[in-house]
Amino acid sequence: MTAASLLERLALNFRAHSLPGAEEADILLELIREGRLTPVFQPILDYRGQSYMGFEGLIRGPIDSPLHTPAALFELARRLDLTMELERACRIAIFRAFAQLNLPGNLFVNVSPGCLKDPEFRNGETQGLLRELGLSPSRIIIELTENQQIEDFADLHDALMHYRGQGYRIAIDDLGEGFSNLRLWSELRPEYVKIDRHFIQGIADDALKFKLVSSMHEIAETCGAYIIAEGIETEADFTTVRDLGIACGQGFFIARPAPTPRTLPESDTLAALKNRQIAIFPNAGGAGGSTARALSHFIEPIAPDACNDMVYQRFEDNPELHVLPVVHQGQPLGLINRHNLIDRFARPFRRELYGKKPCTLFMDPAPLVVDQNLSVQEVGLMIARAAKHYLYDGFVITDQGSYVGVGSGQDLMAMITEMQISAARYANPLTQLPGNVPINEHAERLLESQTAFAACYYDIDNFKPFNDAYGYRKGDDVIQMLGLLMAEVADPRLDFIGHIGGDDFIILFQSPDWEERCARALRLFDQRMPTLVAPEDLARGGFVGEDRKGRTVFNPLPSLSIGALRVEPGLFSSHHEVAAAASMAKKQAKRQAGSTLFIERRRPGLAAAAAI
């Protein structure tokens, strides 16, 4: 039976039996029959080749119709059980338009798991159409969309192996969104894996998203799959994805879907590709991006009119369940503690008296409620300031007031401990700036990318005498002041700020105006330092302290020395050499009185000889 005759039969069946949705079915079937579905194509960029490796074929309904969007089209098809018919019509329209436009590269076509059983797709009729259009199946990538629950993985595996045998290749869509696509990746070993846009949008500033995508990239390299990052909408996210080494990207920053797409990247995209400046990766080691969302465990809530016997049975059935949230229309009302309820029921006649009463009788009506976007540190502070029982009961996690899950005090303490251990290795505990490990990693990235940059070593003059005379608390204030002003003068998208230790800092500048930024840092330091010293010391321009031999000496007020090193491609082979040369430049700056910038303009070998 042909596709056209099948559509006629379906239309007649709906009308003859007066089935619900018959009028809507007529509209949808008319769109399919009259070819009023419009294909659009969104390019997929190959970062390495700096060209389009293919296009994703998408569909639109009539522009003046409520069925213009694909979401509306497929929702109606789902309700009318016409998904297979709609997908078949979409594929045919996309294949014909792709061939007519003579677009280069591959064609990604969305297919839901259920529609893999479409007889016209399986029996070779689609291949016949492709031959007619001059398209090879090897150029077609079946993009498996997870819009329905997959119950039989073995059956799905067999179906996809059948299509592979016909020459098609496989892609998994929206990695990270669905409940089963990690298993799909493991079992199907697709050639392409698309990362869900949720993890890509904002990746330039979100340490957790960065870490997750980086892990996905590592897995892909292990199994030989190509990663495609979806939803790239800003240049910052584009550059971060590029510098992570991900193979391909897709999103509005690259190109929007269009009926007749360009076959070459836009000028803005090419400029971003050719820009030699590398992205500043978010500080994953500092764990600053960890929020209450990471602590959330979903527990099926109970309604406020449920009886205490029902709550007791929930606890009996699940020994690991320690609290039970009471929720009404998405709003959390309270928490019921396991031990509290069982203790009450253990007393004579209590269960007989209260078993049929509403569960709100024994719930805590004022639980600790935190928004999922609250930082882990802020949650810890709230727990520390609250009554002790909140540490044992845990807390309710919400999203804009609606129940999301429950967090436990034990998980909170474990995460804070892990963050402290991570911070000790990757970030300075006083300034929370990246420490030596991230500094070295970023310097190596700059060297490997053959990117020109300036390594500027910041050091406070007379800091030790000041720290001894004023005490470590004032010394810490000076260090924190320097860290904050460095953040002011640096461009967060281009310049990497690191805290080496003590009063030693470094900025790896990609900003072309780095000399002006260093000069501004010197001015800011000299303006702010007077607020941290006693008035009498400020008046006389220094303070009295003791030297190493215990003798009383007069010390000038702390000033700032910056040793700057211009790093050109090919001059240095490792971050060790850059650090040594920047340290020499800093020593030259410290030989001069007051706040000073010294720029090392000699070649590395000559500079090293002069320092001996």
Side-chain angles (χ1 to χ4, degrees), residues 423-424 427-436 439 454-490 495 497-509 514-565 579-600 610-611:
N428 186 282
L430 182 60
T431 61
Q432 290 301 302
L433 290 171
N436 289 319
I439 292 170
C456 297
Y457 198 130
Y458 286 57
D459 188 24
I460 302 173
D461 305 316
N462 302 315
F463 177 75
K464 187 180 185 307
F466 177 88
N467 198 59
D468 292 341
Y470 276 79
Y472 72 91
R473 293 295 296 273
K474 276 289 185 181
D476 286 352
D477 289 343
V478 175
I479 290 173
Q480 289 177 318
M481 179 268 286
L482 177 55
L484 290 172
L485 77 81
M486 291 174 69
E488 287 183 46
V489 303
D495 309 325
I497 308 172
H499 191 165
I500 298 168
D503 61 317
D504 291 9
F505 294 78
I506 194 166
I507 302 184
L508 302 176
F509 280 109
W514 61 270
E515 289 187 47
E516 289 86 350
R517 293 175 185 270
C518 287
R520 184 179 173 221
L522 296 174
R523 292 194 301 270
L524 289 174
F525 188 89
D526 288 344
Q527 291 168 9
R528 296 175 185 180
M529 190 63 221
T531 66
L532 301 174
V533 300
E536 59 272 20
D537 290 339
L538 181 61
R540 59 187 175 182
F543 57 94
V544 175
E546 292 183 351
D547 64 11
R548 294 181 179 179
K549 296 182 179 180
R551 296 174 300 196
T552 300
V553 294
F554 180 79
N555 299 286
L557 293 178
S559 54
L560 180 62
S561 290
I562 306 176
L565 177 73
S583 180
M584 290 178 188
K586 180 259 298 185
K587 290 177 182 177
Q588 293 293 329
K590 290 181 77 69
R591 291 178 179 176
Q592 304 176 48
S595 294
T596 308
L597 168 64
F598 175 84
I599 302 175
E600 179 59 79

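- Residues Y457 and I500 form a side-chain contact, since some pair of their non-hydrogen atoms from C-beta on lies under 4.5 Å apart.
- Counting all heavy atoms, side chain and backbone alike, S595 lies closest to D526 at OG-OD1, 2.7 Å.
- By the side-chain contact (heavy atoms from CB on, under 4.5 Å) test, E546 pairs with no residue at all, sequence neighbours left out.
- Among residues two or more places apart in sequence or in another chain, the side-chain contact (heavy atoms from CB on, under 4.5 Å) test is passed with E516 by D513.
- Counting heavy atoms from C-beta outward, V478 and D503 have side chains that stay 4.5 Å or more apart.
- T531 and R528 get closest at one heavy-atom pair: OG1-O, 2.6 Å.
- In this structure, I497 and A490 approach most closely via the heavy-atom pair CD1-CB, 3.8 Å.
- One distance of note links CG of L522 with CD of Q527; it measures 11.0 Å at 0.5 Å rounding.
- Considering CD of E488 and CG of L524, their distance stands at 6.0 Å, rounded to 0.5 Å.
- For the side-chain contact (heavy atoms from CB on, under 4.5 Å) test, residues two or more places apart in sequence or in another chain that qualify with A564 are C456, W514, L597, I599.
- Judged as a ring pair (Phe, Tyr, Trp, His ring centres under 6.0 Å), and not counting sequence neighbours, the contacts of F505 are H499.
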Verdict with supporting geometry, D477 and R473, salt bridge (charged side-chain N to carboxylate O under 4.0 Å, His left out): CA-CA 6 Å; D477 289 343; R473 293 295 296 273; 6.0 Å; no

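- Shown here are the salt bridge (charged side-chain N to carboxylate O under 4.0 Å, His left out) partners of K590, two or more places apart in sequence or in another chain: D459, D461.
- Put simply, the side chain of Q588 reaches to within 4.5 Å of the side chain of R591, judged on heavy atoms.
- At a threshold of 4.5 Å between non-hydrogen side-chain atoms, the residues T431 and I479 count as touching.
- Residues P434 and I439 share a closest heavy-atom pair of O-CD1, 3.9 Å.
- Scanning all heavy atoms of the two residues, the minimum distance from P556 to N462 falls at O-ND2, 3.4 Å.
- Looking at C518 and Y458, their side chains come closer than 4.5 Å, going by heavy atoms from C-beta outward.
- M481 has its side chain within reach of F525: a pair of non-hydrogen atoms, C-beta onward, lies under 4.5 Å apart.
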Worked check of side-chain contact (heavy atoms from CB on, under 4.5 Å) between D495 and R517: CA-CA 11 Å; D495 309 325; R517 293 175 185 270; 4.2 Å; yes

Under 3.5 Å donor-acceptor pairs involving side-chain atoms of residues 533-544, not counting sequence neighbours:
residue : atom : partner : partner atom : Å
D537    : OD1  : R540    : NE           : 3.3
D537    : OD1  : R540    : NH2          : 3.0
D537    : OD2  : Y470    : OH           : 2.4

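- Rounding to the nearest 0.5 Å places CD of Q480 at 9.5 Å from CG of N428.
- Heavy atoms only, all atoms of each residue included: I562 and A521 are closest at CD1-CB, 4.5 Å.
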